[in-house]
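A short write-up of the structure that comes next.
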Amino acid sequence: MDRTRPLNLLLAGALALGGLAALSPAAQAADSELARNGGFEAGLDGWSCTGGSGTVVPSPVHGGTKALQATPAGSDNAKCSQTITVKPQSTYALSGWVRGSYVYLGVTGTGTTDVSTWTQSAPDWQKLSTTFTTGANTTSVTVYTHGWYGTPAYQADDLSLFGPGGAPVEIPATPTGLAAGSPTSTSVPLTWPAVAGATSYKVYRGGTAVGTATGTSYTATGLTPNTAYSFQISAVNSAGESARSTAVSATTTSGGGGGGGGELPARALVGYLHASFANGSGYTRMADVPDSWDVINLAFGEPTSVTSGDIRFKLCPVAECPNVESEADFKAAIKAKQAAGKKVLISIGGQNGQVQLATTAARDTFVSSVSKIIDDYGLDGLDIDFEGHSLSLQTGDTDFRSPTSPVIVNLIQAVKTLKAKYGAKFVLTMAPETFFVQLGYQYYGSGPWGGQDPRAGAYLPVIHALRDDLTLLHVQDYNSGSIMGLDNQYHSMGGADFHIAMTDMLLTGFPVAGNTERFFPGLRPDQVAIGLPASTQAGNGHTSPTEVDKALDCLTKKQNCGTYQTHGTWSSLRGLMTWSINWDRFNQWEFSRNFDAYNWS
């Protein structure tokens, strides 16, 4: 949240094109053709292309009537691959014809040295070829072709793998022994014995696939309290998917609706109050905040230094805010709001208050200093508004489900400690920017090749680890670049379409960086509010009341949806958040009046 001007984040991380070595000479004659549908005459049968990047075209072709065409986009290099059964300790020849710039042909999983070959420029069809030898225990390899970031579409045709064929891979047996552990109010842990030959497991809830696990455990999250659920799993490998296991049932506990969310009204309006500074919108006293606002976030608690973890909060100085109330009147107004059923939280961070909990000492100081603010002002909880360089992922920290970066791990531990200290009524909200959440659909951290912005998607492990404690997530749908939605189209801020696509991602869930084995599960609708600027002065991406209503119509009723199709009808969406109450007052309360007038039924 910017107290002075919007902060625009750049979405593209630069990937350096490293040195590429020449590869081995041509292979000797092989036993048989092993690649399936290498000429793409049967479409993409047998092939898998990242991010929906591949298609089959009638022209240009090298042989036959069809060829592959794949288009790199963002961090996706348009990789198309096929897993093929091979024999251990055998030699194979890989070849194919390609057109385009920076087109690659290669193989992984050889058990020896994975190889690839490439062409910098092929304005017409050019043959690529290489050889490799499998390791002593290798029974399958993955052959692939891909382009390069920022380049146009490439074409590939007549891809071939020659060599001795291996024993066919069989579909794994049906899993047995599925068991449900102790549920929480919003999650159920599942475990099962390993199945021979399985490379992953698909998890079903109520007959619908909800996730994938590479190990023998999975935690179903985002569930409704006091509700019975039925789960099954299947075993998967390159040959296909087994039958589903016998179902196991579990009932979530009654809990507190997720971090005190049950105490909020069914439709909540959240706003930030400039309590420690004026901004161009002017100072608004706590007692003057209208009853429309259900959650009031005090902006901001800020650290004494970026890495100290020592958070301080003070009312706006008189020199900046001549009409500021006394400390006693401010605290009395907070109590009056709470008596009227409102929640008042301390918001930590903002654009100027970057917080990096890089050490356990900073973590512990964060807990003690935030506790002091909550206790001194009698607050209901905490809003995390970490921006800028507060959160980033270290190189090699690639799985949001098990983060290793200290600033991430320490923040999670700190918030869990605060939640444990204050109990079920503790209200926890978060206000990340799209860069740190929805961008994770395409990018996560520095990426598999290095060079991406390590902050991309960095809020995802925090949200995931705290989802059972989270009252509300209200991503800032403003001051944002264009973001790719689940329809694989880019959406830009300022209209209903952006809010529909961004919110649907949070509720449906998505594979992180396109990896279907690392699926970020959707949140409950009552845990989500849409974040918008209250006026054109408050931030880039202001959305008119008409467009706000269209977004709510689509998300909660599947009406007025435009081109984007949601993956559900999210009738229990919690509400709206805005930056800020002060800017709404400056704009004659247009935002809150529109919220109050909206027909949710």
Side-chain angles (χ1 to χ4, degrees), residues 1-4 7 9 272-279 297-317 319-321 327 330-331 344-395 397 403-422 426-433 435-436 445 453-455 458-463 465-466 469-470 476 579:
M1 309 288 184
D2 187 351
R3 66 176 64 181
T4 54
L7 174 64
L9 293 174
Y272 286 78
L273 183 68
H274 307 179
S276 62
F277 58 95
N279 199 319
N297 292 328
L298 305 180
F300 287 107
E302 298 182 359
T304 54
S305 69
V306 173
T307 58
S308 70
D310 188 6
I311 308 300
R312 304 294 177 90
F313 171 76
K314 292 183 179 179
L315 285 177
C316 184
E320 185 178 351
C321 305
E327 190 93 355
F330 184 72
K331 292 180 178 179
V344 184
L345 317 180
I346 180 64
S347 180
I348 307 298
Q351 180 184 329
N352 296 342
Q354 295 186 38
V355 181
Q356 294 176 2
L357 304 183
T359 64
T360 55
R363 175 199 66 191
D364 296 343
T365 301
F366 180 88
V367 171
S368 60
S369 60
V370 170
S371 295
K372 186 177 187 304
I373 295 170
I374 291 173
D375 294 342
D376 285 351
Y377 289 90
L379 304 179
D380 297 288
L382 169 66
D383 172 71
I384 302 173
D385 183 19
F386 283 17
E387 299 183 13
H389 291 270
S390 293
L391 296 181
S392 63
L393 295 156
Q394 293 182 335
T395 301
D397 189 352
T404 58
S405 302
V407 293
I408 304 290
V409 174
N410 289 332
L411 175 61
I412 293 168
Q413 292 174 349
V415 176
K416 283 187 174 292
T417 300
L418 288 166
K419 169 69 176 179
K421 176 178 180 178
Y422 291 102
F426 185 76
V427 179
L428 174 64
T429 66
M430 300 182 193
E433 295 160 296
F435 188 94
F436 297 92
D453 192 320
R455 300 172 298 166
Y459 245 96
L460 293 176
V462 179
I463 298 167
L466 297 170
D469 301 313
L470 182 63
Q476 302 176 34
W579 177 259

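If you're wondering where the values come from, they're calculated on a predicted model, not measured in any experiment.
When the side-chain contact (heavy atoms from CB on, under 4.5 Å) test is applied to Lys331, the partners found at least two apart in sequence or on another chain are Glu327, Tyr377. Taking Ser392 as the reference, Pro454, Arg455 meet the side-chain contact (heavy atoms from CB on, under 4.5 Å) condition, with sequence neighbours excluded. With sequence neighbours left out, Thr395 forms a side-chain contact (heavy atoms from CB on, under 4.5 Å) with Ser446. Among residues two or more places apart in sequence or in another chain, the side-chain hydrogen bond (donor to acceptor under 3.5 Å, both in side chains) test is passed with Lys416 by none. Among residues two or more places apart in sequence or in another chain, the salt bridge (charged side-chain N to carboxylate O under 4.0 Å, His left out) test is passed with Lys372 by Asp376. Not counting sequence neighbours, the partners of Thr429 by the side-chain hydrogen bond (donor to acceptor under 3.5 Å, both in side chains) test are Asp383.
When side chains are defined from C-beta on, Glu302 does not count as touching Ile311, because their heavy atoms never get closer than 4.5 Å. Taking 4.5 Å as the limit, some side-chain heavy atom of Tyr422 sits within range of a side-chain heavy atom of Asp375. At a threshold of 4.5 Å between non-hydrogen side-chain atoms, the residues Phe426 and Asp380 do not count as touching. Taking the side chain as every heavy atom from C-beta outward, Leu298 and Phe330 approach each other to under 4.5 Å. Using a 4.5 Å heavy-atom cutoff, the side chains of Ile384 and Ile348 are not in contact.
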(Q) Is there a side-chain contact (heavy atoms from CB on, under 4.5 Å) between Ser371 and Lys421? Walk through the geometry before answering. (A) CA-CA 9 Å; Ser371 295; Lys421 176 178 180 178; 3.2 Å; yes

Applying side-chain contact (heavy atoms from CB on, under 4.5 Å) to Asp469 and Val415, what does each step give before you reach the verdict? CA-CA 9 Å; Asp469 301 313; Val415 176; 5.9 Å; no

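Residues Ala358 and Pro406 approach most closely at O-CB, 3.6 Å, considering heavy atoms. Of all heavy-atom pairs between Leu428 and Leu470, the closest is O-CD1, 3.6 Å. Pairing each heavy atom of Thr304 with each of Ser308, the nearest pair is OG1-OG, 2.8 Å. Closest non-hydrogen pair, Pro317 versus Ser276, comes out as CD-O, 4.2 Å.
With rounding to the nearest 0.5 Å, the separation of CD1 in Ile408 from CZ in Phe386 is 9.5 Å. Atom-to-atom distance recorded for Ile412:CD1 and Thr417:OG1 is 11.5 Å, nearest 0.5 angstrom. Taken to the nearest 0.5 Å, the CZ atom of Phe436 stands 7.5 Å off from the CG atom of Asp453. Atom OH of Tyr272 and atom CG of Asn279 lie 15.0 Å apart (nearest 0.5 Å). For the atom pair CD1 (Ile346) and CZ (Phe300), the distance works out to 9.5 Å, reported to the nearest 0.5 Å. With rounding to the nearest 0.5 angstrom, the OG atom of Ser390 is 7.5 Å from the OH atom of Tyr459.
Side-chain N or O atoms of Gln354 include none that pairs as donor or acceptor with a backbone N or O of Gly388 at under 3.5 Å. Looking at Ser405, its side chain never comes within 3.5 Å of a backbone N or O of Leu393 through a donor-acceptor pair. In this structure a side-chain-to-backbone donor-acceptor pair under 3.5 Å is missing from Asn297 to Leu345. Of the possible polar contacts, none joining the Glu320 side chain to the Phe277 backbone as a donor-acceptor pair under 3.5 Å is found.
Listed by first and then second residue, the side chain to side chain donor-acceptor pair (under 3.5 Å) pairs that reach into residues 356-370 are Arg363-Gln413, sequence neighbours excluded. For residues 303-315, every residue pair satisfying the salt bridge (Lys or Arg N to Asp or Glu O under 4.0 Å) rule, not counting sequence neighbours, is listed here: Asp310-Arg312.
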